[in-house]
Amino acid sequence: MDSLQTASTSGAQKLDALQTVDPEIYAAIHAETERQQEGLELIPSENYVSAAVLNAMGSVLTNKYSEGYPGKRYYGGNELVDQVERIARERAKALFGAEHANMQPYSGSPANHAVYYGLLEPGDTVMGLALPDGGHLTHGWKVNFSGRYYNAVQYGANPETGVIDMDQVAELAREHKPRMIIAGLTAYPRQLDFNRFAEIAEEVGAYLLADIAHISGLVATGLHPDPVPIADAVTMTTHKLLRGPRGALILSKKAHAKAIDRGVFPALQGGPHNHTTAATAVALHEAARPDFKSYCQQVITNAKTLAEGLQSRGLSIVTGGTDNHMLLVDLTATGVTGKQAQVALDQANLTLNANMVPGDQRSAFDPSGVRLGTPAITTRGLKEAEMHLLANWIADVVEHIDDEATLERVRGEVADLCQQYPLWY
Ligand code: DSN
């Protein structure tokens with residue numbers, strides 16, 4: 001257990017009033033707390049917030065409207081909200097070494113949208129990693145605003161290796177002359193070469209947007225190359241590796257501060273969610289402590305160990321391993337689909353998501369792979385020894401996908417492990 005878990009183990013959730021006033025919602029939240037206690041969370045974009053973050057999230061700051069920015073609000077009574085947002089902003093700038101921070105985006109997609117809005121005109125050409133190869137909807141995918149209102153060109157991963165082809169990125173950039181290149185990932189287990197992205201962007205006169213939602217903690221702790229000094233804007237959600245509340249923030253060069261701030265408010269949003277800003281400030285405070293770096297290091301070690309364990313059971317890992325907090329398993333050779341694996345593992349209280357793999361011939365709804373990651377289980381305290389158990393449980397379930405007895409056995413063993421590593425809610 002790291003100090004986040006021991007810092008405050010009581011009062012994380014005060015639900016007494018809720019239990020009295022609305023037993024139905026209380027029961028659902030109570031049951032969800034138990035579900036989280038009894039299962040292992042392997043979705044790489046999820047994590048567990050500390051009791052302190054949860055306290056700030058459930059505070060009276062939710063009552064306040066505060067359109068505008070600190071020192072320039074449209075409603076009265078915002079002196080303390082200003083204080084909270086200024087603290088959050090300074091902590092974000094200090095943790096990432098950024099010139100400017102905007103703490104108000106409601107989540108990752110609005111954060112990316114605000115950067116598009118601030119730096120581009122509708123119809124401009126953008127270039128991002130294709131969704132099936134590990135990019136995000138907001139990186140130019142056709143069903144998203146970014147693919148509809150912008151001329152989106154998509155680069156991809158090499159279908160043989162699963163690794164982003166930077167020569168293809170350079171060629172496409174020279175051919176299409178994008179106004180902005182997006183370097184970011186939601187399902188890609190290797191490091192992003194931000195230096196090369198920056199060189200390419202500079203060569204063709206494009207802005208560079210780095211979306212570090214998944215890898216924020218690794219960047220903050222020096223465990224992944226840092227885009228902050230070289231990108232025009234850097235976006236991230238706050239609830240993934242950073243262990244904050246559901247929300248997002250944008251870092252940028254000072255030169256873009258005004259345009260991006262306007263992109264958030266008044267262009268896309270009204271009043272910021274002040275309780276979220278406060279909880280983000282707490283998470284940033286926690287992330288600035290030395291134990292956060294040990295945590296992030298363990299996240300990577302656990303992901304590598306898990307990948308090796310799954311490989312030793314004959315499962316194919318996209319790109320042959322991982323450099324970060326996540327891995328993609330290509331299940332094609334097993335005859336089991338991603339969705340089948342997700343459903344069966346869910347029954348064993350191992351939560352992950354079906355995911356497309358590079359070159360996937362199947363649909364996004366029932367693709368050929370699964371995506372899993374170690375941020376949440378590492379917060380819970382699991383280390384290498386438990387990764388071996390986990391790899392064997394996952395392989396057992398995939399090999400015996402229709403065997404109720406196997407699912408029941410694994411579920412029991414998972415429950416035993418979870419009891420040894422309880423959450424603090
Ligand atoms: N839904 C997030 C993820 O799981 O990666 C991305 O937005």
Side-chain angles (χ1 to χ4, degrees), residues 36 39-49 105-116 126 128-147 152 154 157 162 164 182-192 209-219 224 233-250 268 276 280 283 296 299-300 303 318-319 322-329 338-339 341-342 345-346 350-358 360 364-367 369-379:
Q36 292 187 16
L40 292 178
E41 183 50 70
L42 297 167
I43 293 174
S45 47
E46 295 189 15
N47 214 328
Y48 304 111
V49 296
Y106 297 147
S107 202
S109 294
N112 284 347
H113 200 166
V115 174
Y116 280 70
V126 296
L129 179 60
L131 188 73
D133 290 4
H136 188 251
L137 285 164
T138 56
H139 299 175
W141 196 240
K142 46 189 177 288
V143 298
N144 184 258
F145 82 87
S146 56
Q154 303 271 267
I164 294 173
I182 303 115
L185 59 95
T186 55
Y188 185 70
R190 295 298 180 181
Q191 291 190 345
L192 292 176
L209 164 60
D211 178 345
I212 62 166
H214 265 266
I215 53 173
S216 56
L218 306 183
V219 169
H224 188 287
V234 177
T235 54
M236 71 195 80
T237 43
T238 43
H239 47 267
K240 296 187 174 85
L241 252 183
L242 216 47
R243 291 200 289 211
R246 307 200 79 77
L249 63 93
I250 305 172
L268 299 176
T276 306
T280 303
C296 288
V299 165
I300 297 175
V318 173
T319 78
T322 177
D323 295 329
N324 59 25
H325 62 300
M326 77 162 86
L327 39 141
L328 282 162
V329 185
K339 195 73 172 185
Q342 178 191 309
L345 287 161
D346 233 355
L350 297 170
T351 314
L352 44 63
N353 66 281
N355 213 94
M356 296 194 93
V357 294
D360 209 325
F365 194 68
D366 188 5
V370 287
R371 181 185 72 150
L372 56 160
T374 52
I377 52 175
T378 306
T379 295

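Note that ligands are numbered from 1 as they come in the structure, with each ligand's atoms numbered from 1 the same way.
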Q) Hey, what do you get for CG (N112) to CG (D211), rounding to the nearest 0.5 Å? A) 4.5 Å
Q. Which of the atoms in ligand 1, numbered in the order shown and given with their element, are less than 4.0 Å from a heavy-atom of R371?
A. 3 (C), 4 (O), 5 (O)
Q.
Return the NE2 to NE2 distance between H136 and H214, rounded to the nearest 0.5 Å.
A. 7.5 Å
Q) Distance below 4.0 Å between atom 7 (O) of ligand 1 and any protein heavy atom? A) yes
Q | Close approach, E46 and ligand 1, non-hydrogen under 4.0 angstrom | A | no
**Q.** Close N or O approach (K240, ligand 1; < 3.5 Å)
**A.** no
Q: State the CG-NE2 distance between L209 and H139, to the nearest 0.5 angstrom.
A: 6.5 Å
Q.
How close do Y188 and I164 get, counting heavy atoms only, and between which atoms?
A. OH-N, 2.9 Å
Q. Of V357, V318, N353, L42, which meets side chain to side chain contact (heavy atoms under 4.5 Å, CB included) against R371?
A. N353
Q) Hey, which atoms in ligand 1 end up nearer than 4.0 Å to a heavy atom of T186? A) 5 (O), 6 (C)
Q | side-chain contact (heavy atoms from CB on, under 4.5 Å) assessment of M236 paired with L249 | A | CA-CA 6 Å; M236 71 195 80; L249 63 93; 3.7 Å; yes
Q. For atom 3 (C) of ligand 1, what is the nearest protein heavy atom, given as residue, atom name and distance?
A. S45 OG, 3.3 Å
Q: Look at atom 5 (O) of ligand 1 and say which protein heavy atom is nearest, naming residue and atom and giving the distance to 0.1 Å.
A: H214 NE2, 2.7 Å
Q.
Quick check on contacts: which atoms of ligand 1 are under 4.0 angstrom from a heavy atom of H136?
A. 6 (C), 7 (O)
